[in-house]
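Data first, discussion second: the structure below is written as C-alpha cells.
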Amino acid sequence: MPELSPRRRLLVLAICCMSLLLVSLDNTVLNVALPSLQKELHASTSGLQWTIDAYTLVLASLLMLAGSTADRIGRRRVFTAGLVVFTLGSLLCSLAPNLDALVAFRMVQAVGGSMLNPVAMSIITNTFTDPRERARAIGAWGAVVGLSMAAGPLVGGLLVDSVGWRSIFWINLPVGLAALVLTLRFVPESRAPKARRADPVGQLLVIALFGSLTYAIIEAPHAPLSATAPFGALALVSLIALIRYESRRREPLIDLRFFRSAPFSGATVIAVSAFASLGGFLFLSTLYLQNVRGLSALEAGLWMLPMALPTFLCAPLSGRLVGNRGPRLPLLIAGGAMTAAGLLFALFEAETSDVTLAVGYVLFGVGFGFVNAPITDTAVSGMPRAQAGVAAAVASTSRQLGQALGVAVIGAVLAAGVGSSSYAESFVAASRPGWWILTACGLAVLVVGAATSGRWARATARRTAERLEEAEIREAAGADA
C-alpha cells in the first residue's frame, strides 16, 4: 500500500468505520426488534436465537477465509464485494415473508459482513503503521461499536414503533451504497507480499464445528438428547480434525503458530468471553424490558442508553490507553466492570429495581467500552504485517463466535427455566443461571487479561513474530529455488 497523507489516512479510517457501523448497528437494532418479530412471525425463543445466530455463525465461519482471501487477491476488492452483498442481503431481509426466509436472508447478509470487518481492520493496520497512531485508530474503530450501541436501540425502537420491524434493515441501504462509492474513490488497493493458498478442507471443518456446536446448544432445551448428541459429537470430531489437519498444512486457514504468542491466545479467549457476555446481556435485557416490563421498543431503547453511552465514551479512551500504556489497564478495567455488572444481576436481581438496573447497565457499558481496543491491538500488533488480515480475522472470528455462543447458551438456559410457566412471572428466576454465566465471562476477561498482558507475555509475542517472519523468509527462499 502506498504511503498516504494524514488526511487521506483519516478518510480511509472513516470509510472502514462505516462498514463496522453497518455490521454493528444491524445487531443492536435487531435485538430491540426481537419481541416484535416474535409476535408477527410467531417465533419461539429458539427462533429468536436463530435470527441472531444464523448471522453471527456465518460471520464467524467465513471471517478467516475472507481475511486470507483479501490478503491474497486484494483488500479493496474483497471489501467492495462485501458491501454489495451485505446491502443486497439487507434488502432481502426487509422483504422476508416468514421466519425461515428471514434466517436465510440473514445468512446472505453475513456472507457480505464477513468481507467487511476483518478486511477493514487489515486496511487500517496497513494504513496506520505507527503503533501509537494504530492504537488511536483502533480506539476510534471501537468507538463506532459504542455509537452503534447508543444509536441502535433508539433508532431501532423508533422504527419498530412507527413503521415496523422490516424498516430496521432499510437503514443499511443508504449507508452501504455511500460506503461503496467512497471505497471505490478513496481506498487504495493492497495485498500481502506472498499470497496464501485457499484451504477448503479447513473451511469446511470450521463450518461443521461452529454450526453443529451452536445447533446442539440452541435445540437442547426443546429436543431429546438423541437428537442433539450427534451434533455435539460432530463438533468434537470437527475440532480434533481441524487441529490435526491445520497443524500439518503448509499454508493453513488458521495458523496455529499464532497461538504460541500468549497475548494473541489471550486476546482470543478475551474476545470470546467478552462478546459472549454482550450477546447474552442484550438478549436477556431486550426480552425482559419488552416482554416482562411491557415497554415499547423505543422505551426499551431509551432504557439501554446507560449501557450504550459509556461504551461509546470509553472506547476511544481505551484506545489512547493502549497506545500510551499498553493493554493491561484497559483489560483490568473491562474485566472488573463486566464482572461487577454480572454479579449485580446474579446476586441482587438488579433488573427488578430501576436504580440497580441502570447501575448494572452503566457498569457493563464501561467494561465493554474498554475491552475492544486491547483485543484488536494485541491480536495484530505482535504479528508480521503480511499476516495482518489473517490475525485480524481470527480476532473477529473470536468475537462473532463468542456472541453466537452467548446467545445460544443464555437462550437455552432461559428456555429451560421458563418451561411451561408464565413467561413474565418466571423470567427473573429463569434468567438467574444466565447471569452467573455472564459473570464468569467477565471474570475470564479479568483473569486472562491480567495473565497475558505482562512482560513475559509480550516476550512470547516478539518471539512468535520473529519465528513467523523467519519461516516466511525460508518458505519464500524455497519457493524461489
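Just so you know, these numbers use all the heavy atoms, side chains as well, and skip hydrogens, waters and symmetry mates.
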(request) Run the numbers on Phe169 and Leu95 for side chain to side chain contact (heavy atoms under 4.5 Å, CB included), then give the verdict. (result) CA-CA 9 Å; Phe169 297 104; Leu95 303 174; over 6 Å; no
(request) Show your reasoning for whether side-chain hydrogen bond (donor to acceptor under 3.5 Å, both in side chains) applies to Arg75 and Ser190. (result) CA-CA 6 Å; Arg75 296 174 181 123; Ser190 65; 3.1 Å; yes
(request) Could you walk me through whether Leu305 and Tyr361 pass the side chain to side chain contact (heavy atoms under 4.5 Å, CB included) test, one step at a time? (result) CA-CA 8 Å; Leu305 276 178; Tyr361 281 176; over 6 Å; no
(request) In sequence, state the C-alpha distance, the side-chain angles, and the governing distance for Val407 and Leu282, and then conclude on side chain to side chain contact (heavy atoms under 4.5 Å, CB included). (result) CA-CA 9 Å; Val407 172; Leu282 291 176; over 6 Å; no
(request) Tell me, with the steps shown, if Val409 and Ile218 meet side chain to side chain contact (heavy atoms under 4.5 Å, CB included). (result) CA-CA 7 Å; Val409 172; Ile218 289 179; over 6 Å; no
(request) Assess whether ring-ring contact (aromatic ring centres under 6.0 Å, His included) is satisfied between Phe275 and Phe368, documenting all intermediate values. (result) CA-CA 9 Å; Phe275 278 77; Phe368 192 75; 5.1 Å; yes
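Residues Ser296 and Gln290 have side chains that never bring a donor and an acceptor to within less than 3.5 angstrom of each other. For the residue pair Arg9 / Thr127, no side-chain donor-acceptor distance below 3.5 Å is found, with atom types taken as modelled. Side-chain contact of Asn291 with Gln38: a donor-acceptor pair under 3.5 Å is present, judged by distance alone.
Not one N or O on the side chain of Gln403 forms a donor-acceptor pair closer than 3.5 Å with the backbone of Asp53. Looking at Arg166, its side chain does come within 3.5 Å of a backbone N or O of Ala96 through a donor-acceptor pair. With Arg76 contributing its side chain and Glu189 its backbone, the two residues share no donor-acceptor pair below 3.5 Å. Counting only distance, with no hydrogens or angles, the side chain of Thr183 and the backbone of Ala179 share a donor-acceptor pair below 3.5 Å. Side chain of Asn172 to main chain of Ser90: no donor-acceptor pair is present (N/O by atom type, distance under 3.5 Å, no hydrogens or angles). Looking at Ser273, its side chain never comes within 3.5 Å of a backbone N or O of Ile270 through a donor-acceptor pair. Looking at Thr214, its side chain never comes within 3.5 Å of a backbone N or O of Gly211 through a donor-acceptor pair.
Looking at Leu182 and Val187, their side chains never come closer than 4.5 Å, going by heavy atoms from C-beta outward. At a threshold of 4.5 Å between non-hydrogen side-chain atoms, the residues Leu91 and Thr87 do not count as touching. For the pair Thr439 and Phe345, the minimum side-chain heavy-atom distance is 4.5 Å or more. Looking only at side-chain heavy atoms (C-beta outward), Gln109 and Cys93 come within less than 4.5 Å of each other.
Scanning both residues, Val175 and Met18, for their nearest heavy atoms gives O-CE, 3.8 Å. Considering all non-hydrogen atoms of both residues, Thr311 and Gly365 come closest at OG1-O, 3.0 Å. The shortest heavy-atom contact between Val108 and Gly89 is CG1-CA, 3.9 Å. Considering every non-hydrogen atom in both Ala33 and Ile168, the closest pair reads CB-CD1, 3.9 Å. Nearest heavy-atom pair, Val371 versus Leu331, reported as atom, atom and distance to 0.1 Å: CG2-CD2, 4.4 Å. Contact record, Thr339 with Gly335: OG1-O, 2.7 Å, taken as the closest heavy-atom pair.
The salt bridge (charged side-chain N to carboxylate O under 4.0 Å, His left out) contacts involving residues 11-25 comprise nothing, where partners must be two or more places apart or lie in separate chains.
A cation-pi arrangement, defined by a distance under 6.0 Å to the six-membered ring centre and an angle within 45 degrees of its axis, is present between Arg293 and Trp303.
Applying the ring-ring contact (aromatic ring centres under 6.0 Å, His included) criterion to Phe128, with sequence neighbours excluded, gives no partner residue.
Note that CG of Leu184 and CZ of Arg77 are 12.0 Å apart. Values are rounded to the nearest 0.5 Å. One finds the CG atom of Leu295 at 11.5 Å from the CE atom of Met304 (value rounded to the nearest 0.5 Å). Put simply, CZ on Phe370 and CG on Leu321 are 6.0 Å apart, with the number rounded to the nearest 0.5 Å. In this structure, the separation between CZ on Phe283 and OG on Ser285 is 11.0 Å, given to the nearest 0.5 Å. In this structure, the separation between CG on Leu59 and CG on Leu401 is 11.5 Å, given to the nearest 0.5 Å. The distance from the CG atom of Leu180 to the OG atom of Ser19 is 12.0 Å, given to the nearest 0.5 Å.
Trp435 and Phe281 have perpendicular rings, their planes meeting at more than 60° on a 0 to 90° scale where under 30° would count as parallel.
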